[in-house]
Amino acid sequence: QVQLVESGGGLVQGGGSLRLSCAASVRTFSRNAMGWFRQAPGKGREFVATISWSGGRTFYSDAVKGRFIISRDNVKNTVYLQMNSLKPEDTAVYYCAAGQVSRVVAGYDSWGQGTQVTVSS
């Protein structure tokens with residue numbers, strides 16, 4: 001099983017940027033698609049972005065398309081989420097996950113512990 005550790009969350013003013021990182025602990029990182037999800041208080045876990053194992057395919061939710069960029073470094077076993085033009089509604093705990101290229105939670109079988117992102121207005 002892949003172990004994942006997110007970092008890079010924090011408090012940022014609206015319009016600002018943050019970059020999240022997710023480090024994997026096993027060599028098979030490069031064989032897994034990676035995804036980012038988020039969960040706001042009182043809401044379900046929501047798809048944000050996913051990237052194929054080669055990095056050649058990326059998909060985004062409509063809520064973040066054009067503002068967020070997902071990327072990966074298969075040498076460093078790390079996936080990134082560059083978040084620009086942040087809005088208060090982006091406030092949530094962000095989770096990375098390993099599995100298949102998918103927009104749904106069930107498409108992933110390994111999850112990180114999450115990192116809090118708070119965007120002030």
Side-chain angles (χ1 to χ4, degrees):
Q1 190 173 7
V2 179
Q3 293 183 340
L4 306 168
V5 179
E6 301 98 334
S7 61
L11 173 65
V12 63
Q13 197 168 8
S17 298
L18 279 176
R19 188 177 82 155
L20 305 183
S21 300
C22 174
S25 62
V26 294
R27 293 181 181 180
T28 55
F29 170 81
S30 65
R31 299 174 186 172
N32 283 302
M34 300 297 297
W36 285 98
F37 286 74
R38 65 187 183 186
Q39 189 165 15
K43 296 188 177 181
R45 197 162 293 192
E46 173 191 25
F47 168 74
V48 174
T50 186
I51 186 168
S52 62
W53 71 267
S54 69
R57 291 186 297 155
T58 58
F59 301 95
Y60 299 90
S61 70
D62 288 343
V64 307
K65 193 176 298 182
R67 300 187 297 123
F68 291 10
I69 300 171
I70 188 171
S71 61
R72 65 189 296 161
D73 184 332
N74 288 349
V75 173
K76 295 182 178 179
N77 292 340
T78 301
V79 62
Y80 304 97
L81 186 68
Q82 177 67 42
M83 305 186 296
N84 302 318
S85 302
L86 283 161
K87 305 175 182 179
E89 50 263 46
D90 294 318
T91 295
V93 177
Y94 283 71
Y95 298 89
C96 72
Q100 302 177 13
V101 174
S102 177
R103 295 174 179 264
V104 301
V105 169
Y108 300 86
D109 50 23
S110 297
W111 293 83
Q113 83 289 348
T115 185
Q116 176 71 46
V117 171
T118 303
V119 184
S120 64
S121 56

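No hydrogens, no waters, no symmetry mates; every other heavy atom, side chains included, goes into these values.
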Student: Which heavy atom of Gly56 sits nearest a heavy atom of Ser52, and at what distance?
Tutor: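 Scanning both residues completely, I find the closest heavy atoms to be N-OG, 3.3 Å.
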Student: Is the side chain of Thr58 donor-acceptor paired with the backbone N or O of Ile51 at a distance under 3.5 Å, no angle test?
Tutor: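 It does not hold such a pair.
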Student: How close do Phe37 and Arg103 get, counting heavy atoms only, and between which atoms?
Tutor: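 Where Phe37 meets Arg103 most closely, the heavy atoms are CE2-O, 3.9 Å.
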Student: Minimum heavy-atom separation for Leu81 and Ala49, please, with both atom names.
Tutor: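 Closest approach of Leu81 to Ala49: CD1-CB, 4.3 Å.
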Student: How long is the gap from CZ on Arg19 to OG on Ser71, to the nearest 0.5 Å?
Tutor: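 Those atoms lie 7.0 Å apart.
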Student: Looking only at atom types and distance, does a side-chain atom of Tyr108 sit under 3.5 Å from a main-chain N or O of Ala33, one as donor and one as acceptor?
Tutor: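 Flag not set: sc Tyr108 to bb Ala33 has no pair under 3.5 Å.
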Student: Take Met83 and Arg67 through the side-chain contact (heavy atoms from CB on, under 4.5 Å) test and state the conclusion after the steps.
Tutor: CA-CA 6 Å; Met83 305 186 296; Arg67 300 187 297 123; over 6 Å; no
Student: Which distance, rounded to the nearest 0.5 Å, do you find between the CD of Glu89 and the OG of Ser121?
Tutor: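 Glu89 CD to Ser121 OG: 10.0 Å, rounded to 0.5 Å.
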Student: When you measure from the side chain of Asp73 to the backbone N and O of Val75, does any donor-acceptor pair fall under 3.5 Å?
Tutor: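 Checking the backbone N and O of Val75 against the side chain of Asp73, a donor-acceptor pair under 3.5 Å is found.
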Student: Would you say the side chain of Val105 lies within less than 4.5 Å of the side chain of Phe47, judging by non-hydrogen atoms?
Tutor: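 Not touching, per the 4.5 Å side-chain cut-off.
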Student: Pick from Gln39, Arg38, Gln116: which one makes a side-chain hydrogen bond (donor to acceptor under 3.5 Å, both in side chains) with Tyr94?
Tutor: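 The single option meeting the side-chain hydrogen bond (donor to acceptor under 3.5 Å, both in side chains) with Tyr94 is Arg38.
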Student: Is the backbone N or O of Ser25 less than 3.5 Å from a side-chain atom of Gln3, with the two atoms forming a donor-acceptor pair by type?
Tutor: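 A pair under 3.5 Å: no.
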Student: What heavy-atom pair brings Gly112 and Tyr95 nearest, and what distance separates the two atoms?
Tutor: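 Here Gly112 and Tyr95 meet closest at O-CD2, 3.6 Å.
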Student: Testing the basics here: between Ala98 and Leu4, what is the closest heavy-atom pair and its distance to 0.1 Å?
Tutor: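 Heavy atoms of Ala98 and Leu4 come nearest at N-CD1, 3.7 Å.
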Student: Answer whether the closest heavy-atom distance between the side chains of Val79 and Trp36 falls below 4.5 Å.
Tutor: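 Yes, at least one pair of side-chain atoms sits under 4.5 Å.
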Student: Would you say Glu46 has more than 12 foreign heavy atoms packed within less than 6.0 Å of its CD?
Tutor: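 Check passes, neighbour count above 12.
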Student: Is it true that Asp62 and Lys65 have a side-chain N and a carboxylate O under 4.0 angstrom from each other?
Tutor: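 Yes, Asp62 and Lys65 are salt-bridged.
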Student: What are the two closest heavy atoms between Leu86 and Leu18, and how far apart are they?
Tutor: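 Nearest pair, atom of Leu86 first, then Leu18: CD1-N, 3.9 Å.
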Student: Roughly how far apart are Met34 CE and Asn77 CG, rounded to 0.5 Å?
Tutor: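 Met34 CE to Asn77 CG: 9.5 Å, rounded to 0.5 Å.
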Student: Going through the distances and angles, do Trp53 and Val101 end up as a side-chain contact (heavy atoms from CB on, under 4.5 Å)?
Tutor: CA-CA 9 Å; Trp53 71 267; Val101 174; over 6 Å; no
Student: Could you measure the distance from the OG atom of Ser7 to the CD atom of Gln113? Nearest 0.5 Å is fine.
Tutor: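 Reported value, rounded in 0.5 Å steps: 8.5 Å.
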Student: Using 0.5 Å steps for rounding, measure from the CD atom of Glu6 to the SG atom of Cys22.
Tutor: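 The SG atom of Cys22 is 5.0 Å from CD of Glu6, to the nearest 0.5 Å.
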Student: Does the side chain of Tyr80 reach to within under 4.5 Å of the side chain of Gln82, using non-hydrogen atoms?
Tutor: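 No. Closest side-chain heavy atoms not under 4.5 Å.
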